Amino acid sequence: MDRARALSRLKFADSGFRLMTLASALVVLVLLAGVAIALFAGAWPAFHEFGFGFLFSDAWSPPREKFGAATAIYGTLVTSLIAMLIAVPVGLGIAVFLTELCWLPLRRPIGVAIELLAGIPSIIYGIWGVYYFRPVMQSYIQPFLIGTLGNVPVIGFLFQGPPFGYGVLTAGLVLALMILPFITAVSRDVFDTVPTVLKEAAYGVGATTFEVVGNIVLPYTRVGVIGGVMLALGRALGETMAVTFVIGNATKIQTSILAQGTTISAMIANQFADADPGLFTSSLLALGFILFVITFIVLAAARALLASLEMKA
Amino acid sequence: MANLYSGRKRRNLVWTGLAYGATGLGLTMLVIILATLLWNGLGGLSLDVFTKNTAPPGVVGGLLNSIVGSLITTGLGLAIGAPLGILAGTYLAEYGRNDRLATVVRFINDILLSAPSIVVGLFIYELLVVPVGHFSALAGGVALAVLGAPIMVRTTEDMLNLVPNQLREAASALGMPRSLVIQHIAYRAVRSGIITGVLLAIARMTGETAPLIFTALGNSLFTLDPTGPMSSLPLIIYEFARSPYAEQQSLAWTGALILTFAVLALSIAARALSAQTQQK
């Protein structure tokens, strides 16, 4: 009898544990669906009031209850673009250094140091950006850009206006620093998957390091590198704290990248505390929903690319 | 011929030079950031920081309530997120290795892993702050759990996949039910790996600011009550860094120094632990 009872208890515990793990796995699914549903529900009054025009309107006037997402979306895209333009080449450069050029005993310490950059909380980049990087931008980099690139025809309009220090470019540069380690980490890992024989064959016929990277490593790892870059893009689009401190938080689209601007996340972080319940709060939630949709698409594409790579390997 | 060679050599020199330069730039920035933290934060580091609460300008204050708040919100996040993450990771590796549900969960988890934290904050605001009617540390803990759990799901699954199948088969052959095989054989074999994931998740949760703005809100008073608003280190840095008063700015830097070194210590510990596991 005892034996039967013990066995049935064991069976009960066994299926209980299985169900618990299954439930936890399902919670992960529910969480993502919950984010989408909760944000959409909160955003509904704003979407209902402004319709599709919400996406394209650059109005942002709490007293008149007129809201539009264009300014924030524009700022988000431009800061992320600037960040990618700088972080992708530098991040790939570091990955090439780590896999091809670095003296072996130094490889791990330098890799860890770069990964530590990724571990620093984003608020630290924010406080550093506003106290140290912003003055440097204001006194040196921005006047230099205004004096040189500002006078170049065609692209000159991007670099005009007074040097505030705060602005879209400053935010983009701080973002670049933040996502750099992500690009380096992923590309180093995919560079490591290149079979040594392939590289040795190329070196054997006399190729230089540059030629090996350009003709063997990059073509072989193209998909993985793009996946890593898009993962970093997902980070850049959603980053809040580092951007809020240095972008200036102006709710107006300006053509110069030296001018102050805002991003979706900076706008939410800045204005949420002061927002009245109703259309104002709902519009901020609508911004959050738009950010969620944009990053979801980017991250899903990145993961799909990286997953297809794993399948091949 | 000689021309071609020297051209290729020159190009190689330029590009490898740029790769060296990029690495130099990355390392320099790391050193600069850590140096500014030490430079500005060490000066304000005193016993007051750990024994006094945040104070209005003009009064000598510390960061006691924020440090305790950080520990509590992160602790709540861990208490909710760790079981969830480890169990879900167990399902992916042990039960549903190849079924369709596991594939979907894995994909969604990877997206949650890098989802913008501010969006998660808004979600928890809608879920736990609006219905209740006030901000709470508990809501902050749940938001942190949502951010930390995917890390633990991922590492738990990766680690369990390293357990050799013979080990599981040997235990099953002795008549052990599946759940006991997992709990007593698989978990034990990769314990340090799972702890690595937990440490990484704590590091991530400790440093998050954006989701706490809408959930834990912040509080200038000392409190241990998880159902009310609570301060935390990232929140107080966010507030004091924008303050016009020098003493509050200095406290923000000190808080930033404490926070960064806590987070870096955690991630270095996690790395050391995982290196040890791999060697085994």
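Every value quoted in this text rests on a predicted model; they were computed, and no experiment measured them. Order of the sequence lines sets the chain letters (A, B, ...), proteins ahead of strands, with each chain counted from 1.
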**Q.** Where B:Ala201 and B:Gly148 come nearest, the two heavy atoms and their spacing
**A.**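 Answer, listing the atom of B:Ala201 first, then B:Gly148: CB-O, 3.7 Å.
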Q: For residues A:Pro277 and A:Thr281, report the shortest heavy-atom separation together with the two atoms involved.
A: CA-OG1, 3.5 Å
Which atoms of [X] come close to chain A, meaning under 4.5 Å heavy atom to heavy atom: side chain ones, backbone ones, both, or neither?
| X | value |
| --- | --- |
| B:Glu94 | neither |
| B:Val105 | both |
| B:Ala210 | both |
| B:Leu217 | neither |
| B:Leu92 | neither |
| B:Ala102 | neither |

(Q) Whether the A:Thr209 and A:Glu100 side chains hold a donor-acceptor pair (N or O, under 3.5 Å, no angle test) is what I'd like checked. (A) no
Which answer fits [X], side chain, backbone, both or neither, if we ask what part of it has an atom under 4.5 Å from a heavy atom of chain B?
| X | value |
| --- | --- |
| A:Leu31 | both |
| A:Ala13 | backbone |
| A:Phe292 | both |
| A:Leu39 | side chain |

Q. For the residue pair B:Phe214 and A:Phe272, does the interplanar ring angle fall in the parallel (under 30°), tilted (30 to 60°) or perpendicular (over 60°) class?
A.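 Plane angle over 60°, so perpendicular.
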Q: May I ask you to decide whether A:Arg235 forms a salt bridge with A:Glu239, counting only side-chain N to carboxylate O separations under 4.0 Å?
A: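 No, this pair does not count.
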Q. Quick one: is the NZ or CZ of B:Arg178 closer than 6.0 Å to the six-membered ring centre of A:Phe17, and within 45° of its axis?
A. no
Q | Heavy-atom contacts under 4.5 Å, residues 19-26 of chain B to chain A | A | B:Ala19, B:Tyr20, B:Ala22, B:Thr23, B:Leu25, B:Gly26
Tell me which donor-acceptor pairs under 3.5 Å the side chains of residues 241-248 of chain A have, and how far apart each pair is, sequence neighbours excluded?
unit_1: A:Thr244; atom_1: OG1; unit_2: A:Thr240; atom_2: O; d: 2.6

